[in-house]
Structures are given as C-alpha cells and as structure tokens.
Protein chains: 2
Amino acid sequence: MPVSNLYSSNKAIQLDATEPKTLSEQVFNDLKEAIISGDLEQGSKITEDGLAKQYGISRGPLREAIRRLEAIRLLVRIPRAGMRVVTLTTEIMEEIYTVREALEGMSARLAAERMSDDDIASLSELLDKHQDSIDISEGKKYFQREGNLDFHYRIARASQNQWLSDLLSSELYQLLRMARQRSGQTPERPSKAIQEHRRIVEAIEMRDAELAELLMRRHISGSWKIVKELLDEEAAQDKLSEEKL
Amino acid sequence: MPVSNLYSSNKAIQLDATEPKTLSEQVFNDLKEAIISGDLEQGSKITEDGLAKQYGISRGPLREAIRRLEAIRLLVRIPRAGMRVVTLTTEIMEEIYTVREALEGMSARLAAERMSDDDIASLSELLDKHQDSIDISEGKKYFQREGNLDFHYRIARASQNQWLSDLLSSELYQLLRMARQRSGQTPERPSKAIQEHRRIVEAIEMRDAELAELLMRRHISGSWKIVKELLDEEAAQDKLSEEKL
DNA sequence: TAAAACTAGTTTGTTGACAATTTTTACTGA
DNA sequence: TCAGTAAAAATTGTCAACAAACTAGTTTTA
C-alpha cells in the first residue's frame, strides 16, 4: 500500500474546501502555498508589480490577497521598507508554540467532552496507521510531517469550536508547515510522538477532559524543546559557516 | 477628578498607536469603530458602493479594508448573498470566551514569569483606582466596561508574546467591546470582578505562574456564565416581545 | 397556474492609468 | 574622497470605467 494512500485525502490539511472563485482568492492561495513551500524565501522582498506580472493579474486583486496574507502573518509590511515574507526566527517560533500550547490544550479538552464515539474510533485508527508506517522507511518523512499535523488537525475540528479550529488550522498550522519546510526538520522521534498521541486519545476515550488537556500541553511543550534544539543547532552552524567566509 | 482622567489614556485600548496613513487604513479604523460602537448594526447588509459613497472614497482601498475586517471576523461574506456585519450570537460568544480562557490563562502564566516589578506595581495601582471608583456612581459604567478590559489588556502585553497579545487585543477584545455595546451589558458585579483581579495580581506578585493561570481561567469562565445568563434572558425577552406582535 | 426564459437593474470583480511618495542614481562643489 | 542635492526611476496609493455575475421582476409558454 503506497504511503500516499494511507490517508483519505490531503484535503484534511488543505482546509480550503471551496474552489477559489475570484482572482484574489486564487492568488491568495497560490501565494500562500509559495510561501509555505519555500518557493518564496523567508525574508525575501516582494513588490506588487513583480507579483502582478508573475501571476498575470492586475494589482487590485493582488493587493486584496496581500492584505489577507498580512492578516495571517505570512507577509510583513514595514512602513517604508516594502513588504517581505515573514522570517521565522526562533523567537517567533517560540511564540507560536506557546499560543499553540494554550489553544490545542483547550482543543483537546473540548474534544474529550464533545467528540462522537465514531470520530474517536476513527482517530484511533489513524494512530494505528501511523504506528504501522513507522517501519516503512519510505513513509517516515511523510508521517513525521503531514501525519503529525493531521492528528492535531482532527483534534482541532473535534473541539467543535469554529473559532478555535480556524485559528489553529488557518494560521498556526500553516506557519508550522512553513517552518518544517525550511529546515528538513524532523520534529520529534515519531515513535515517541505517536506514543503521546495515543495517550491523548486514551484520555479522550475516557472522556477525561482535564487529562486530555494536560497531555496535549505536555506534548506540545515537549515538541518545542526538541524543535528549539534543532533551531539552535542550525543557528550555530550558520554562524560557523559565516565565519569561514 | 473626572473619571475620564483616571486612566493615562484610552490608547491602551485603542492599540492603533500609529496614525492611519492610507485611505485604506483610515476606513478600516472608521469601519471597525462603526461596527464596534453599533453605528453599523449587527447583521446589517453592506454594499461596497454604499460605503464608498458614504466615506467618499473609491472602491479600491475600501475593498482592502473590507478584507482586513473580514480577517478579524467583524464582517462576514457569504458567497452570493453579499456582506454583513457579524452577528454575535450566544454560540459565537461562547466560542470567543472559550478561546479567550485559553489565551488569557496562558497570558497570565507568562505575565507571572516575565512581568517587571515596576509593571506589577503599576498594575496593582490600577486596581486601586478601580476599587476607588466603585463608589463613584458616575464612574461605574465606565469601569465596568473599559476598565475591565484595560486590566486584561495589560496582562496580555505583560506576556511579552507578540502573537498572544495581538490576538487578544486586535481580535477578541474588539468583539467583546462590540458585544457589550449591543446590550447595555454589565458583565459582572464590579466588586467581585475586582476581587478576582486582585487575586490574579497577587499570584503574579508571588511569581506563581500556575496559580495565575488557574485564577485567570476561572475568572473568565465565571464571567462567561454571567454573560450567558444575560444573553439568554435577553433572548427570552426578545421572543416574548415578538409574540406580542 | 406554474414553470421557464428573458430583461433590466444592482452589485461585485477586474483593469489600466494617473498621482503621490520614496528610493536610487548621478552630479556638483568642497 | 566625501557629503549634499537634484533629477530619475521605482513603488505604492488612488481612482474611474468597464466587465461579469447575480437578483428580481416580468413576460411567455406549457
């Protein structure tokens, strides 16, 4: 079974169920993808005219798309220094993980209270698949990246809180994907992560909201520690190779 | 001393320190204020042309402003039914309070860890002023509204987490102000609220992050219970007067 | 009578041009 | 060589007109 088929679809992560109808939306999606995937480098400068020509549209709709990208923090506009793709510094990453800990903790709590038995069962199955895939060497990378997010995405939706799940999936998760893209980052040893995921699902199964929240928060703050180490290492290496020049 | 001077400035709540430079920004601020203050009624339909004429600008900048208002959830666009001011239903309010509980809890935790002694002292003084003002009958309304938010705003900033404090002040608090505007809502008995605020500050003084978070979360979920009752009451009355017709 | 099709009127989406501002470049004089 | 300044280029902000899509009302037809 090819790894790419283990999931029903990538849509779960895409979150844009609706087809883009306007140019503005289309270019919003395209730009978002370009930024997240790294096609547009972090911190790179952007001009309206350049993008308009590149996408073959006029500046009107483009500007609307830009305002939206600004709102979800993928673009940063500095008053008189133009516009840049956001740079995910260690500091920003820490802020994101902190907010994430609070929101996903709450999300897990609500999921424990509200998730249907069927959905819990399906979530549990998902974890089985993740477990299996650890041994499939080819699958590793995929699971460590998208699979992990898929789990968190499901919990967010299970909170049945539109605000919460929108905030997580349309802002925070996008930035996480972006961060991973940048460094070939492997957030955690997958076996440990899946173990933690399992515990969270067990808490949800027991309808223990308190525990689900606690475990989720630990899981995320634990992830942050590992990510932080990687980022620090990276920074040290960057510095080293800079000095070589 | 006139009540309006008890605070250094309203800016603390305005959060837009910078003067609007572009038309788009200006109209964004104006529209935001119009929505929050209730000048534009909840759920009322909006047309681009109407607004453009009203503000005397062309539709270009207006559309950018609209996209931003959409992003902070003050406007809702329904694919082919035009655009409306958001309607703060009880369900949405519950979602907001839930997200708020998570974020402000974290915020209080961080404040306890990071807030400078000076800032804590100043926060404590603010509470004294609130306390004093309870007896000034004229001040009541003001404190119950803006004063309360001012406290929460300070904690958010004290978290020293840009993301967190932006999220709270530029999205959640705006919606809370809007909700209060609608019904002449008095969220809590001020004496009780201030008591709870005091406890939170004490926890911060003791640098007890855990406790600060716990107390803040209780404070907010407690507030929600009271607000919810008011909303339910209101809804019941609305229904009653509807039946009269 | 009801459904389908057409038409007029609104509203939103898109564009290209013009204006204002800022940055870069090039030149002048110490 | 180094400011300092002025012209030029680039970039962002704004507008008005055009195009497409949708709504609603009216007529036509089964």
Side-chain angles (χ1 to χ4, degrees), chain A residues 16-35 39-87 170, chain B residues 16-35 39-87 170:
Chain A
D16 311 291
T18 56
E19 282 297 304
K21 274 220 69 173
T22 69
L23 275 183
S24 164
E25 255 176 284
Q26 224 170 285
V27 86
F28 170 74
N29 287 330
D30 287 355
L31 264 176
K32 192 169 74 176
E33 206 45 43
I35 293 173
D39 286 353
L40 273 174
E41 247 175 293
Q42 288 192 29
S44 62
K45 197 174 173 184
I46 280 179
T47 67
E48 290 182 5
D49 223 40
L51 285 182
K53 271 174 190 148
Q54 193 177 328
Y55 287 96
I57 63 170
S58 68
R59 281 172 48 228
L62 180 70
R63 283 171 66 97
E64 290 173 30
I66 286 172
R67 290 298 175 280
R68 291 179 59 193
L69 288 166
E70 240 186 298
I72 63 171
R73 299 177 158 81
L74 252 35
L75 288 183
V76 178
R77 285 202 314 159
I78 310 161
R80 54 203 73 237
M83 196 169 33
R84 292 182 176 279
V85 177
V86 68
T87 302
S170 71
Chain B
D16 310 292
T18 56
E19 282 297 303
K21 273 217 71 173
T22 69
L23 276 184
S24 163
E25 255 176 284
Q26 224 171 285
V27 85
F28 170 75
N29 287 331
D30 288 355
L31 264 175
K32 191 169 75 174
E33 206 45 43
I35 293 173
D39 285 354
L40 274 173
E41 247 175 292
Q42 288 193 30
S44 61
K45 198 172 172 185
I46 279 179
T47 67
E48 290 183 5
D49 222 41
L51 285 181
K53 272 174 189 148
Q54 193 176 328
Y55 286 97
I57 63 170
S58 70
R59 282 172 49 226
L62 179 69
R63 284 171 65 95
E64 290 174 30
I66 286 172
R67 289 299 174 280
R68 291 180 60 194
L69 289 166
E70 242 185 297
I72 63 171
R73 298 177 159 82
L74 253 35
L75 288 183
V76 178
R77 284 205 313 158
I78 310 163
R80 53 204 75 237
M83 196 169 34
R84 292 181 176 279
V85 177
V86 68
T87 302
S170 71

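A note on names: the letters A, B, ... follow the listed sequences, proteins ahead of strands, and every chain is numbered from 1.
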When you compare the protein's N or O atoms with those of nucleotides 15-20 of chain C, which come within less than 3.5 Å of each other, and at what distance?
from, atom 1, to, atom 2, distance (Å)
C/dT15, OP2, A/Ser58, N, 3.0
C/dT15, OP2, A/Ser58, OG, 2.8
C/dT15, O5', A/Ser58, OG, 3.4

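Taking A/Arg68 as the reference, A/Glu25, A/Phe28, B/Arg67 meet the side chain to side chain contact (heavy atoms under 4.5 Å, CB included) condition, with sequence neighbours excluded. With sequence neighbours left out, the side chain to side chain contact (heavy atoms under 4.5 Å, CB included) criterion links A/Ala52 to A/Arg59, A/Leu62. With sequence neighbours left out, the side chain to side chain contact (heavy atoms under 4.5 Å, CB included) criterion links B/Gln42 to B/Thr87, B/Leu88, B/Met178, B/Arg182. A/Asp49 pairs by the salt bridge (Lys or Arg N to Asp or Glu O under 4.0 Å) definition with A/Lys53, not counting sequence neighbours. In terms of the salt bridge (Lys or Arg N to Asp or Glu O under 4.0 Å) criterion, residue partners of A/Arg63 (sequence neighbours excluded) are, by chain and number, A/Glu48, B/Glu64. Residues passing the side chain to side chain contact (heavy atoms under 4.5 Å, CB included) test with A/Asp30 are A/Tyr55, sequence neighbours excluded.
Within residues 64-75 of chain A, no residue approaches DNA chain C, by heavy-atom distance under 4.0 Å.
D/dC22 atom C1' lies 15 Å from atom CG of B/Asp49, rounded to whole Å. Between the CE atom of B/Met83 and the P atom of C/dT10 there is a distance of 18 Å, rounded to whole Å. Separating the CZ atom of B/Arg63 from the P atom of C/dT12 is a distance of 8 Å, rounded to the nearest angstrom.
For B/Arg77 (side chain) and B/Met83 (main-chain N/O), no donor-acceptor pair under 3.5 Å exists by modelled atom type.
Of the candidates C/dT14, C/dG13, D/dC22, the closest approach to any side-chain atom of A/Ser24 belongs to C/dT14. Side chain of A/Glu48, nearest nucleotide from C/dT12, D/dT12, D/dA21: D/dT12.
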